[in-house]
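Note sheet for the following structure.
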Number of protein chains: 2
Amino acid sequence: MKVLDKNTEKKILDAAKTVFIKKGFDGARMQEIADEAIINKALLHYYFRNKDKLFDAIFSDAFVKFIPKIGETMLSQKHFFDKIKLLVESYIDMLTRNPHIPIFILHEINRNPQRIIQILSKGGANPEMIFKVINTEIKKGTIIPVKPQHLIVNIIALCIFPYAGRPVIQGFIFKNNNKTYQKFLKERKTEVSNFIINAIKKK
Amino acid sequence: MKVLDKNTEKKILDAAKTVFIKKGFDGARMQEIADEAIINKALLHYYFRNKDKLFDAIFSDAFVKFIPKIGETMLSQKHFFDKIKLLVESYIDMLTRNPHIPIFILHEINRNPQRIIQILSKGGANPEMIFKVINTEIKKGTIIPVKPQHLIVNIIALCIFPYAGRPVIQGFIFKNNNKTYQKFLKERKTEVSNFIINAIKKK
DNA sequence: ATTATTTTTGACCATCCGGTTAAACTATAT
DNA sequence: ATATAGTTTAACCGGATGGTCAAAAATAAT
């Protein structure tokens, strides 16, 4: 009975997300996505003409999540250190909900760097405003002189890496203990912002 | 004339490294590796029985580079901050020479996390010694109290991320300007160690 | 020079995989 | 009730791909 069924398109997108994110574009099989969605393979091609089209739908959705909403947070009226805390916390929260997105995005972007140029051409980033905010704080004397570019990259690096590099870190540093690693990830919400604030705070 | 030829095995490994690191296991084609090595495809299977075997040779080599020799540096007799400077500098140097290794390793580890368990079982890591060194510095009062696990992950994250996330960072923050990005990467050798030392230094 | 061994090659094979097609099934409109 | 449009399926296709094989070419051993 159709009414009870989840919208087929949604079923396909969910299945495709699972498979693409786990296996990457090259490793994913249309048949596997069909199986995961419990539908006929031809139906995939009925809804999404081909593998590329289906992939694009998944990718662009994941990519939005991957780029933190750094602008909104930075332009608010809070104290600079609170902005950092907020940014780190909300970004790590998002990564906790979508832990496999980082490697997926990083790998696929690398496989096809052209894609990023397309994304940018559709009006993507405006880092200048953020640079400005950071430079203002330097002039105000809240923080020591740092190149804004490095600060931004550092913040994102510290948030993302434990998710992108999870198997390695968990293996080498945590003797593959899953629970300990979960605890570690939770700790980072405060640990990372403290680390950053310490690194740039003027005394 | 054979004497003039580079050892065939070496030719294959070089070609395989290029192709695997660029395309990943699933994206790489045995024919493409053969072409890159300018040999017949059957010869690949003569030297390395199958794709997996060939891949393993490449992977394990790349993996060694991916894990920084953090132990050696940390156990030397230098000042702790000099150890950090040295570690960061040598690791970033390595990454500059092998900029594509991070995404390759991160993606492939994720595709097959089982592999990391095998690696560990062959006697891989001993982080306890490093934890000890860091804890000693905390007791000595060189640095503020930090959990060693977080510090180690932070150091590696700050080094690796600009390479793993290059296309995104270069695109969004540097308007795809290659030269500016190169400059940025060079700056990080000092920028990252300063950032870390500031974050943990006791005043 | 002849034989044995190793290296290299072209041709080939079975399977996998993205994609198509025509027909069946379902729901809606008239 | 019947035509129309939308949805789903089984069967199929052609090209790509990992891998094999037997024979040729090169090298080493006698």
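The chains referred to below are lettered A, B, ... by the order of the sequence lines, with proteins before strands, and numbering in each begins at 1. The analysis underlying the following values was restricted to heavy atoms, covering all of them including side chains, and did not include hydrogens, waters or symmetry mates.
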Donor-acceptor pair, distance only, cut-off 3.5 Å: does the side chain of B:S76 make one with the backbone of B:E72?
no
Round to a whole Å and report the spacing from NZ of B:K11 to C1' of C:dT7.
12 Å
Whole angstroms only, please: what is the CG-C1' distance between A:L43 and C:dA24?
14 Å
A:N40 CG to D:dG6 P, straight-line distance once rounded to whole Å
20 Å
For atom NZ of A:K83, decide whether the heavy atoms of other residues, nucleotides or ligands shown that lie under 6.0 angstrom number more than 12.
yes
With respect to the phosphate group of D:dT8, does any side-chain polar atom (N or O) of A:Y47 fall under 4.0 Å of OP1 or OP2?
yes
At less than 4.0 Å, is any side-chain N or O atom of B:T8 found next to OP1 or OP2 of C:dT8? Yes or no.
yes
Base versus backbone protein contacts along nucleotides 14-19 of chain C [heavy-atom cut-off under 4.0 Å; B, S, -]:
---SBB
Whether A:D82 side chain and A:K78 backbone form a donor-acceptor pair below 3.5 Å
no
Residues in salt bridge (Lys or Arg N to Asp or Glu O under 4.0 Å) contact with B:K51, at least two apart in sequence or another chain
none
D:dA11 P sits how many Å from A:Y46 OH, rounded?
21 Å
Starting at atom CD1 of A:I38, determine the distance to atom C1' of D:dT9, rounded to an integer number of angstrom.
16 Å
Without decimals, in angstroms, what is the distance between A:L44 CG and D:dT9 C1'?
13 Å
When you measure from the side chain of A:Y181 to the backbone of A:I173, do you find a donor-acceptor pair of N or O atoms at a distance under 3.5 Å?
no
Kindly say whether A:L106 contributes a backbone atom to a donor-acceptor pair with the side chain of A:N110 at under 3.5 angstrom?
no
